[in-house]
Amino acid sequence: LLPLLLSVIRMLCVAGAVFQVWVFVVLFLIMLPAMFGLSLGVTGVYIQVLVKILEWATVRIQRGRMEQPSVPVPLPNGIIERAGGSMEEEIGELRNSFALSDAFYFYKKGLESIVDDQVTQRFSSEELASWNLLTRTNQNFRYISLRLTIIWVLGVFVRYCILFPLRITLAIIGLSWLVIGTTLVGFLPENSVKTWLSELVHLTCYRICARGLSATIRYYNKENKPQKGGICVANHTTPIDVVILANDGCYAMVGQIHGGLMGVIQRSMVRSCPHVWFERSEMKDRHAVTSRLRAHVAAKTKLPILIFPEGTCINNTSVMMFKKGSFEIGGTIYPVAIKYDPRFGDAFWNSGKYNMVSYLLRMMTSWAIVVNVWYLPPMTLQDGEDAAHFASRVKSAIAHQGGLLDLDWDGGLKRGKVKDSFKEEQQKMYSSIIVGQNGISSCSQSTKVE
Amino acid sequence: MGSRASTLLREEEIEEIKKETGFSHSQITRLYSRFTSLDKGENGTLSREDFQRIPELAINPLGDRIINAFFPEGEDQVNFRGFMRTLAHFRPIEDNEKNKNSSASEPLNSRTNKLLFAFRLYDLDRDDKISRDELLQVLRMMVGVNISDEQLGSIADRTIQEADTNGDNSISFNEFIKVPPVDGEQDY
C-alpha cells in the first residue's frame, strides 16, 4: 500500500510542476507581451520551421506523383479550358439574322458551367496546390512515403496535444477578459480616460485571441488606417476577420444581437464603447439601419464602423458583389483587403457545413493563421456616381490589392436563387444581335417563356 | 469533398466508365468530385434543382433544355453513370483516336453524335424532324419577350426554307448537319 501512495504523490507533484510551468508560459510568455503589443518571436520561428517542412513535403509529393501517374493533379484554374468569348464574338456582331447554330453558343456555355462554374466553387474551401499535412485537406494524396507519414503523425500530435490546449486556454482567457474588462470600464463616466481604457481592453483581448490562433498578421500601408467618423469595408472570409482587423485599431462593430454567449459578449462590449447592435426585427428595416449608421458616422468622434458588404463569408479566392447599402451612408470609405495564406490553415467558414463551435475547433487545430492586411487609400462617392457603381469601384480596388478575383455575382447565391432579370438580359442581348436594335419590341402579350 | 470522393467511387466502376466514355482515370475522379459537390442531398443522384443551383446555368436561356438532356425519358434523377454518359459527348477527340478505324462502333463524342445531341435540343418529340413549332419554341426561349410573334414566325419560316431540301417543311438530321461548321467542342 505504501509504495502505491508514494507513486500517487509523486505523480501529483509532477502534475503540479507541469501546471506551474503551464501557467508561467501562458502568463508571462504570451499574455503579458500580448497586452503590450510585443512579440517574443516564437510564432515567427514556428512559421519559418513550418514553411521549410511544407516545402519539403511539396517536393516529396511531386516526386511521388510522377511515380504514380493515376493520382489527379490539382487544377487551380478550373477543370476545363474554356475557349470562348462573349456572345458578340461567338455569334457574330449584329448579323440581323438567325442561324440554327446560334443555339450551340448557349449550349456550350451551359455545359461548361455544369462541369465547372465560377460561383458555386466560392462557397466551399479552396483546393490547395499541394497537401499541407492536415487530414482535412487530404484530397487524393495517397501514401507516398514513410517519412511523409511520420511527419504527418508528428504534426497531428503537436497540433492536438500541445497547441490545441494552449490555444483553448488563451481563447477562454481572452474572452473572459473582454467581458470583465468592458463591464468594469462601463462603470466609468464618459470621458477621455474611459475611451482610452476601453481601447486598451479591446486591443488586449483581441491580441490574446490572436495568439490563441497562432495568428501572424502583416499590416501594409498603415498610413491609410481608418479614421474616426469613417467606414471601414473589407472582404469577408470568416468571423475571425474581426479579430484580425481589431488587432491594429479599434472599430465600432455592426451586427445583429444574438442570444447565448455571443449575446453576453456583445452586451458587455457596448457598455464601454459605442458599437451598433441591432435587434433582429430592426435589421429588416433598411431605413432604420441606414439612419442609425448615418448618425454614428456624422458624430465624427466615434470609432470607425466596420462593415463587410458582401454579407456572407466567401472562400478568399474572390470578392463577390458588395451590397450598396453600406455605401449610401455617406462619409469616407476606408477599404481593406484581407488575404489568408491557405497553406497554414483554411480560414473560410462554410456556415452550411460547420457550426461556429466546430469551426473554431478546426481553426485551433490548424497549423497557424497567416494573413496579410492591406489598408487602401480612402475613397469617397464621386459626383454623379450612384451607390452601386461606387460599391463596385471599391470592390475592384480591394480585389486588385489582395490578388483576388473580382466577381459581380451576389454572395447571397450561397443560399438563394439567381434573379430572373439576368436571364432576361441574356435574351435581350441575343435578340439585338439577330434583329438589330430597332427590331426589338416589348410584347405586352408575351408568349410564356419556358 | 476531396477524400470522400475518391473513396466512394470504386475502382471497377471507374474502369467501366472509362471503357464506356473514354475519359481518363483522373478526369473521372475530377468529375465525380464535381458531381458530389452538386449533389446537395447526398443521395448519389442529381435532380433538376441541383442543376438549377448553378447560377451561370440558371441564367442561360436554353438552360432548361440542357438540363433535360441529362435526364432519361420521364425520370427525375440522374446518377453518376448517366451524368458521365451525357458529358462524354463533349470529350474532345484525342489525337490517337483520329486515326482509328471507323469500322469500330462510333464513340460517343464523334462529330456526328455531337451534332445529334444538338439536333435533339430542338427536336423535343424525337420524331427526327425539327418542325416549325419546335423551332419556334427554341427561338422563343433564346429571345425572351424582345421579339414579336410575327417577326419570330418569319424568322422561323426563313430558316426552314433555307435548310429544307426535300420540301417537307421541317428540318431532318441530314439537312441539319449541312449547317456551316461551328465550335461545338470544348477541352477538358
Side-chain angles (χ1 to χ4, degrees), chain A residues 70-73 75 79-84 90 97-121 124-125 127 137-141 409 413 417-418 422-428 430-432 434-435 439-443 446-447 449-450, chain B residues 1-3 5-6 25-27 29-31 33-34 37-38 51-67 70 87 90 118 121-122 130 135 137-149 151 155-156 158-159 163 171 176 179-180 182-188:
Chain A
S70 61
V71 178
V73 180
L75 299 164
I79 305 180
I80 50 183
E81 215 180 279
R82 286 175 196 237
E90 302 243 353
S97 68
F98 165 74
L100 281 169
S101 51
D102 286 350
F104 291 16
Y105 167 79
F106 289 114
Y107 101 73
K108 181 174 85 151
K109 279 271 173 293
L111 283 157
E112 279 176 355
S113 67
I114 288 179
V115 174
D116 190 21
D117 77 295
Q118 286 287 33
V119 183
T120 56
Q121 58 164 291
S124 58
S125 301
E127 193 178 328
T137 52
N138 186 354
Q139 302 192 357
N140 304 315
F141 291 105
W409 295 97
L413 290 171
K417 290 206 143 154
V418 66
F422 290 107
K423 191 186 216 173
E424 286 154 22
E425 256 175 59
Q426 294 270 303
Q427 289 169 326
K428 190 151 186 195
Y430 177 66
S431 309
S432 65
I434 64 170
V435 292
I440 296 184
S441 60
S442 31
C443 310
S446 50
T447 37
V449 179
E450 271 178 79
Chain B
M1 236 181 78
S3 52
S6 53
H25 197 281
S26 55
Q27 284 172 336
T29 23
R30 278 244 148 248
L31 290 168
S33 221
R34 174 65 173 167
S37 72
L38 290 173
F51 282 99
Q52 287 284 1
R53 233 176 264 121
I54 303 171
E56 287 165 42
L57 188 62
I59 68 168
N60 189 318
L62 294 183
D64 287 328
R65 281 289 166 98
I66 299 168
I67 295 174
F70 281 85
L87 285 181
F90 306 98
L121 278 182
Y122 285 101
I130 302 178
L135 185 57
Q137 270 185 13
V138 176
L139 270 170
R140 185 49 80 190
M141 286 175 86
M142 290 199 280
V143 307
V145 304
N146 296 296
I147 297 182
S148 66
D149 283 335
Q151 214 174 358
I155 292 176
R158 195 172 55 228
T159 312
I171 306 176
F176 182 75
V179 164
V182 150
D183 314 21
E185 293 154 344
Q186 37 184 260
D187 306 317
Y188 283 101

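Lettering of chains follows the sequences in order, A, B, ..., and the numbering in each one begins at 1.
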Handout entry: Contacting region of B/L38 [heavy-atom separation from chain A under 4.5 Å]
Key = side chain

Problem - Pair B/Q137-B/R65, side-chain donor/acceptor within less than 3.5 Å - result: yes

Handout entry: B/L57 portion near chain A, given a 4.5 angstrom heavy-atom threshold
Key = both

Practice task
Drop me the distance from A/S432's OG to A/Q427's CD, to the nearest 0.5 angstrom.
Solution key: 12.0 Å

Problem - Heavy-atom proximity to chain B below 4.5 Å, by part of A/L413 - result: side chain

Exercise for the section: Take A/Y430 and A/F106, measure what ring pair (Phe, Tyr, Trp, His ring centres under 6.0 Å) needs, and give me the verdict at the end. Expected result: CA-CA 10 Å; A/Y430 177 66; A/F106 289 114; 5.5 Å; yes

Exercise for the section: Return yes if a side-chain donor-acceptor contact under 3.5 Å exists between B/N146 and A/E424, otherwise no. Expected result: no

